[in-house]
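One structure below.
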Amino acid sequence: MIDVNPLRPLILAAAESPRLKRALTGIPVTADIVRRFVAGETRIDLIGVARTLLNSGRMVSVDFLGENTTDRNQADATVAEYLSLINDLAALDRPALPGIAVPPVEVSVKLSALGQALPVDGPAIATENLRILCTKAAQADVWVTVDAEDHTTTAATLATVRELRGEFPWLGAVLQAYLHRTETDCRELAGPGSRIRLCKGAYREPPEVAFQRASEVTDSYLRCLEVLMRGEGYPMVASHDPVPIAAAADLAAESGRGPDRFEYQMLYGIRDAEQLRLAAAGSAVRVYVPYGSQWYGYLTRRLAERPANLAFFLRALVSK
Ligand code: FAD
């Protein structure tokens, strides 16, 4: 059985074309295909969606969309938006979740949006900007998790997280199971208090660094999951795939992990019924909710994951 998605690398490669980007970013954020995955363009749109999710018994992790900035002013503007976002999220009511004491509100952030790719001192600037966000988040009882981007950034991103975890022990990181290195990273990062979000990985990566077949990626995910669930940290099981979701439940039962010691995470707009089912069963479920006008990269990654979404997207393009 061939278990590679042949369209995935093609869609991710085509997405890098500036012409396609110009054509597609003309689609309004209100178009169904964008709205399915993105909460809206503004913080007001986002706060409405976050409130609804919290009232439904789920938790949220909010991403202000943007990545790969090479402009210092833009990185500073992103920091300013995150500070306002943390303020607004902190003001939301937090409905009680039985048996779950962790902060229900989190922000997710890409270091490349905070300046990591700037030509001079990028990683140091991103680290400093992340420190500013974490300081504010700590005062507001909001968690922060650092997203994983393409493999050329993995070492620098994990170095930043390591550096700041001394001051902010609750700072989370994302690991991508498709990378060959990740099982080792999981072993190193499964210590007390360590918050690791495990996902499969969404970028176009070469075979030298990443598994290419879906079955290999799932197998790696299961190995990494076992390391994290048997470890002493706080695993965040970020997947919509029923296989890892069931495996996490089994490992939690085996190791006596209650709903306050790990959580499921899914993306806004994907498997909503499954999110609600897990939450109703008493599990901690967090929904990753993006907002903002820079939705192009995020949306093309979602399309590449599931080619069925592409037809939906092309229809939106034709009717624009
Ligand atoms: P898959 O095998 O891809 O999907 C399983 C099933 O889920 C599919 O059969 C389908 O029913 C459903 N599904 C999955 N994707 C879609 C979709 N786009 N549209 C509709 N249905 C879908 N990746 C990174 O590289 N870095 C990150 O920082 C990162 N953060 C993430 C945070 C969260 C909370 C989540 C849930 C994912 C994140 N990802 C990140 C994306 C992740 O790497 C995968 O690309 C994505 O989750 C799809 O993998 P899957 O585990 O859901 O399994």
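Count residues from 1 along the sequence. Whatever order the structure lists ligands and atoms in, that order sets their numbers, starting from 1. All values derive from a computational prediction rather than experimental measurement.
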Self-check item: Side-chain hydrophobic cluster, 4.5 Å single linkage: members besides Tyr203
Solution: Tyr178, Leu179, Val209, Phe211, Val217
Quiz item: For atom 53 (O) of ligand 1, is some protein heavy-atom partner under 4.0 Å away?
Solution: yes
Quiz item: Hey, is atom 18 (N) of ligand 1 under 4.0 Å from any protein heavy atom?
Solution: yes
Quiz item: Which distance, rounded to the nearest 0.5 Å, do you find between the CG of Asp141 and the CG of Leu89?
Solution: 12.0 Å
Quiz item: How many angstroms lie between atom OG1 of Thr135 and atom CD of Glu167, to the nearest 0.5 angstrom?
Solution: 6.5 Å
Quiz item: Does atom 45 (O) of ligand 1 have any protein heavy atom closer than 4.0 Å?
Solution: yes
Quiz item: Is ligand 1 under 4.0 Å from a heavy atom in the side chain of Val174, in the backbone, in both, or in neither?
Solution: side chain
Self-check item: Stepwise salt bridge (Lys or Arg N to Asp or Glu O under 4.0 Å) test for Asp272 and Arg58
Solution: CA-CA 11 Å; Asp272 197 61; Arg58 288 170 281 183; 2.8 Å; yes
Quiz item: Closest non-hydrogen protein atom to atom 15 (N) of ligand 1, residue and atom name please, with distance?
Solution: Glu305 OE1, 3.5 Å
Practice problem: Check each atom of ligand 1 against the heavy atoms of Ala238 and keep those under 4.0 Å away; list them by number with element. | Solution: 33 (C), 34 (C), 35 (C), 36 (C)
Practice problem: Decide whether Glu226 and Tyr221 meet the rule of one side-chain donor and one side-chain acceptor closer than 3.5 Å. | Solution: no
Exercise. Check Ile270 against ligand 1 and report side chain, backbone, both or neither, counting heavy atoms closer than 4.0 Å.
Key: side chain
Quiz prompt | Heavy-atom pair of closest approach, residues Leu225 and Ala248 | solution = CD2-N, 3.8 Å
Quiz item: Out of Arg197, Lys110, Glu149, Met236, whose heavy atom is nearest to atom 32 (C) of ligand 1?
Solution: Arg197
Quiz item: Looking only at protein heavy atoms, which one is nearest to atom 33 (C) of ligand 1, and how far off is it?
Solution: Leu267 CD2, 3.5 Å
Quiz item: Honestly, is Arg195 close enough over Trp143, meaning NZ or CZ under 6.0 Å from the six-membered ring centre and within 45° of the axis?
Solution: yes
Practice problem: Hey, could you give me the CZ/CD1 distance between Arg286 and Ile100, rounded to the nearest 0.5 Å? | Solution: 9.5 Å
Practice problem: Taking only Lys NZ, Arg NE, NH1 and NH2, and the carboxylate oxygens of Asp or Glu, determine whether Arg197 and Glu106 approach each other closer than 4.0 Å. | Solution: yes
Quiz item: If you look at every heavy atom in Asn129 and Leu114, which pair is closest and at what distance?
Solution: ND2-O, 2.8 Å
Practice problem: Find all atoms of ligand 1 within a distance of less than 4.0 Å from any non-hydrogen atom belonging to Gln265, and give their numbers and elements. | Solution: 34 (C), 36 (C)
Quiz item: Quick one: which ligand 1 atoms are inside 4.0 Å of a heavy atom on Asp147?
Solution: 28 (O)
Practice problem: Among all protein heavy atoms, pick the one closest to atom 28 (O) of ligand 1 and tell me residue, atom and distance. | Solution: Ala148 N, 2.9 Å
Practice problem: With heavy atoms of Gln176 as the reference, note each atom of ligand 1 found under 4.0 Å away. | Solution: 24 (C), 25 (O), 26 (N)
Quiz prompt | Proximal ligand 1 atoms for Tyr288, defined as those under 4.0 Å from one of its heavy atoms | solution = 32 (C), 34 (C)
Exercise. Please work out whether any backbone atom (N, CA, C, O) or any side-chain heavy atom from C-beta onward of Arg286 is under 4.0 Å from ligand 1, and answer side chain, backbone, both or neither.
Key: neither
Exercise. Within a distance under 4.0 Å of any heavy atom of Arg302, pick out the atoms of ligand 1 and give their elements.
Key: 17 (C), 18 (N), 41 (C)
Quiz item: Is at least one protein non-hydrogen atom found at under 4.0 angstrom from atom 42 (C) of ligand 1?
Solution: yes
Quiz item: Between Asp150 and Thr152, does any side-chain donor sit less than 3.5 Å from a side-chain acceptor?
Solution: yes
Practice problem: Would you check, one step at a time, whether the test salt bridge (Lys or Arg N to Asp or Glu O under 4.0 Å) holds for Arg301 with Glu305? | Solution: CA-CA 6 Å; Arg301 289 193 289 278; Glu305 279 152 9; over 6 Å; no
Quiz prompt | Proximity to ligand 1 by part of Arg306, non-hydrogen separation under 4.0 Å | solution = side chain
Exercise. Please work out which of Cys199, Ser239, Gly269 has its closest non-hydrogen atom nearest to atom 23 (N) of ligand 1.
Key: Cys199
Quiz prompt | Side-chain touch Leu228/Tyr234, heavy atoms, less than 4.5 angstrom | solution = no
Quiz item: Atoms of ligand 1 less than 4.0 Å from Arg36 heavy atoms?
Solution: 20 (C)
Quiz prompt | Identity of the nearest option to atom 1 (P) of ligand 1, non-hydrogen atoms only, from Glu205, His240, Lys200 | solution = Lys200
Exercise. Under 4.0 Å from a heavy atom of Gly201: give me the atoms of ligand 1 that qualify, with their elements.
Key: 25 (O), 42 (C), 43 (O), 45 (O)
